[in-house]
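Note that this is a predicted model, so its numbers are computed, not measured.
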Amino acid sequence: MLTSTKHKVFISYHHENDQQYKDGLLIMNDLYDIFIDKSVDTGDIDDSLSDQSIRGKIRDEYLRDSTVTILLVGTQTWSRRHVDWEIHSSMYDGEVNKKSGILVVNLPSTGSNNVTAGHGQTEKQLIHPNIDSWTSLNRSQYEQRYPYLPARIIDNLVDKNSKISIVPWNQIYNKPEILKLLIEFTNQDRQTAEYDLSRPMRRQN
């Protein structure tokens, strides 16, 4: 059942390359009041801190009370260690910091208009009504279809129980009802999502 509740959203992205898209989401949010932003801004965390301190700040100060992580994927996102830490922290179900649902948005630089519907028939009917044929993919097919996705996301797409949806930027930008629906689906399914965290966290870019 859909609700009118605004959810707390963490936006994960490559700050150097893709800041304009994070800014675009926040401008859209200012106009349409879709979600509560809990993400890290450039300069919020001191880069001189140790990796362990940065991971702790991301987990304890930003992700702690968010329920949805939106991952903005550009051509270099896959290689950024801070992004991998944010994804890992979003997936980790701790005693204090509970796991979040994850929504992936492929940016125009990736050249991808493919979609993956992680939330079943309701999402397919409401978000993708023009697609009448859906195909299950193996790992190599996911890698071919989404060459810029972080490996941790690919791990979880293969699992099938992660309930991660993927859409292109043009499907959500300036389309507040679509974005709100996707955030709602992601939030609803977060508690039953099963994540593969076996991959070691990335140590360098």
Exercise for review: Any chance you could measure E177, atom CD, to I172, atom CD1, to the nearest 0.5 Å?
Suggested key: 13.5 Å
Check your understanding: Any donor-acceptor pair under 3.5 Å linking the side chain of S66 with the backbone of V68?
Key -> no
Practice item. Return yes if some donor-acceptor pair links the side-chain N/O of Q141 with the main-chain N/O of N138 below 3.5 Å, else return no. Key: yes
Review point. According to a 4.5 Å side-chain heavy-atom criterion applied to Ile, Leu, Val, Met, Phe, Trp and Tyr, with indirect links allowed, do I36 and I27 form part of one hydrophobic cluster?
Key: no
Check your understanding: Any side-chain heavy atom of R145 sitting closer than 4.5 Å to one from S112?
Key -> no
Check your understanding: Salt bridge or not for K180 and E184, using N-O below 4.0 Å?
Key -> no
Exercise for review: State yes or no: are the ring centers of H82 and W85 separated by less than 6.0 Å?
Suggested key: yes
**Study point:** Stepwise side chain to side chain donor-acceptor pair (under 3.5 Å) check, Y146 with T116
**Key:** CA-CA 10 Å; Y146 301 115; T116 291; 2.8 Å; yes
Review point. Just by modelled atom types, is the I34 backbone N or O under 3.5 Å from a matching donor or acceptor in the N29 side chain?
Key: yes
Review point. E86 and S12: which non-hydrogen atoms are nearest, and at how many Å?
Key: OE1-OG, 2.5 Å
Review point. Taking the side chain from D84 and the backbone from M201, do they hold a donor-acceptor pair closer than 3.5 Å?
Key: no
**Study point:** Main-chain N/O of G118 paired to E123 side chain as donor or acceptor, under 3.5 Å
**Key:** yes
Review point. Closest approach of F10 and K38, non-hydrogen atoms and distance?
Key: CD1-O, 3.5 Å
Review point. For W78, does the CH2 atom sit with more than 12 other heavy atoms under 6.0 Å from it, leaving out its own atoms?
Key: no
Review point. Among side-chain atoms of H128 and Q171, is any donor-acceptor pair under 3.5 angstrom?
Key: yes
Exercise for review: Begin with the C-alpha distance, continue with both residues' side-chain angles, and end with the deciding distance and a verdict on side-chain contact (heavy atoms from CB on, under 4.5 Å) for R152 and M91.
Suggested key: CA-CA 10 Å; R152 192 177 303 282; M91 291 178 172; 4.1 Å; yes
Review point. Given the rule in the side-chain contact (heavy atoms from CB on, under 4.5 Å) test, do F35 and L26 qualify, once you have shown the distances and angles that lead to the verdict?
Key: CA-CA 9 Å; F35 58 86; L26 294 187; 4.2 Å; yes
Point to revise | Pairwise distance OG(S90) to CD1(I70) - rounded to 0.5 angstrom | key: 11.0 Å
Study note, to complete from the structure: Here the pair of heavy atoms bringing Y195 nearest to G101 is OH-CA, 3.5 Å
Revision key, fill the gap. Taken in chain and number order and not counting sequence neighbours, the residues that satisfy salt bridge (Lys or Arg N to Asp or Glu O under 4.0 Å) with R199 are D155
Check your understanding: Does a donor on one side chain and an acceptor on the other come within less than 3.5 Å for T192 and K163?
Key -> yes
**Study point:** Sidechain-backbone polar pair: T77 side chain, G74 backbone, donor-acceptor under 3.5 Å
**Key:** yes
Exercise for review: Report the residues that fulfil side-chain contact (heavy atoms from CB on, under 4.5 Å) with D33, sequence neighbours left out, ordered by chain and then residue number.
Suggested key: K6
Review point. If you look at every heavy atom in V105 and P168, which pair is closest and at what distance?
Key: CG1-C, 4.1 Å
Practice item. Taking K99 for its side chain and Q191 for its backbone only, find out whether a donor-acceptor pair lies under 3.5 Å. Key: yes
Exercise for review: Go through the side-chain N and O atoms of N187 and T67 and say whether any donor and acceptor fall under 3.5 Å apart.
Suggested key: yes
**Study point:** Validation row: I153, I87 side chains within 4.5 angstrom (heavy atoms)
**Key:** yes
**Study point:** Distance-minimising heavy-atom pair for F185 and I127
**Key:** CE1-CG1, 4.0 Å
Exercise for review: List in chain and number order the residues that pass salt bridge (Lys or Arg N to Asp or Glu O under 4.0 Å) with K8, two or more places apart in sequence or in another chain; answer none if no residue qualifies.
Suggested key: D65
Check your understanding: Q19 and Y13: side-chain donor and acceptor closer than 3.5 Å?
Key -> yes
**Study point:** Inter-residue atom distance D18.CG - S109.OG, 0.5 Å rounding
**Key:** 5.5 Å
Practice item. Quick one: closest heavy-atom pair of A151 and R139, and the distance? Key: O-NH2, 3.9 Å
Revision key, fill the gap. Side chain to side chain contact (heavy atoms under 4.5 Å, CB included) test vs V104 passes for just one of T186, L149, V167, namely L149
Check your understanding: N114 and I166: side-chain contact (heavy atoms from CB on, under 4.5 Å), yes or no, with the steps?
Key -> CA-CA 8 Å; N114 292 307; I166 304 174; over 6 Å; no
Exercise for review: Mind checking the NE2-CG spacing from H119 to L181? Nearest 0.5 Å is all I need.
Suggested key: 11.0 Å
Exercise for review: Please tell me if the side chains of L72 and N106 come closer than 4.5 Å, counting only heavy atoms from C-beta onward.
Suggested key: no
Review point. Taking side chain as C-beta onward, heavy atoms only, is V73 less than 4.5 Å from L107?
Key: no
Check your understanding: Quick one: are I164 and L71 in side-chain contact, heavy atoms under 4.5 Å?
Key -> no
Check your understanding: Does any N or O in the side chain of R80 come within less than 3.5 Å of the main-chain N or O of Q204, such that one atom is a donor and the other an acceptor?
Key -> no
Exercise for review: Would you check if the side chain of K124 reaches a backbone N or O of G120 as a donor-acceptor pair within less than 3.5 Å?
Suggested key: no
Check your understanding: Should Y21 and W169 count as side-chain neighbours, where that means a heavy-atom distance under 4.5 Å?
Key -> yes
Study note, to complete from the structure: CD1 of I11 to OG1 of T69, rounded to nearest 0.5 Å, is 10.0 Å
Study note, to complete from the structure: The reported gap from OH in Y148 to OG in S79 (rounded to nearest 0.5 angstrom) is 11.5 Å
**Study point:** N156 side chain vs D196 backbone, donor-acceptor pair below 3.5 Å
**Key:** yes
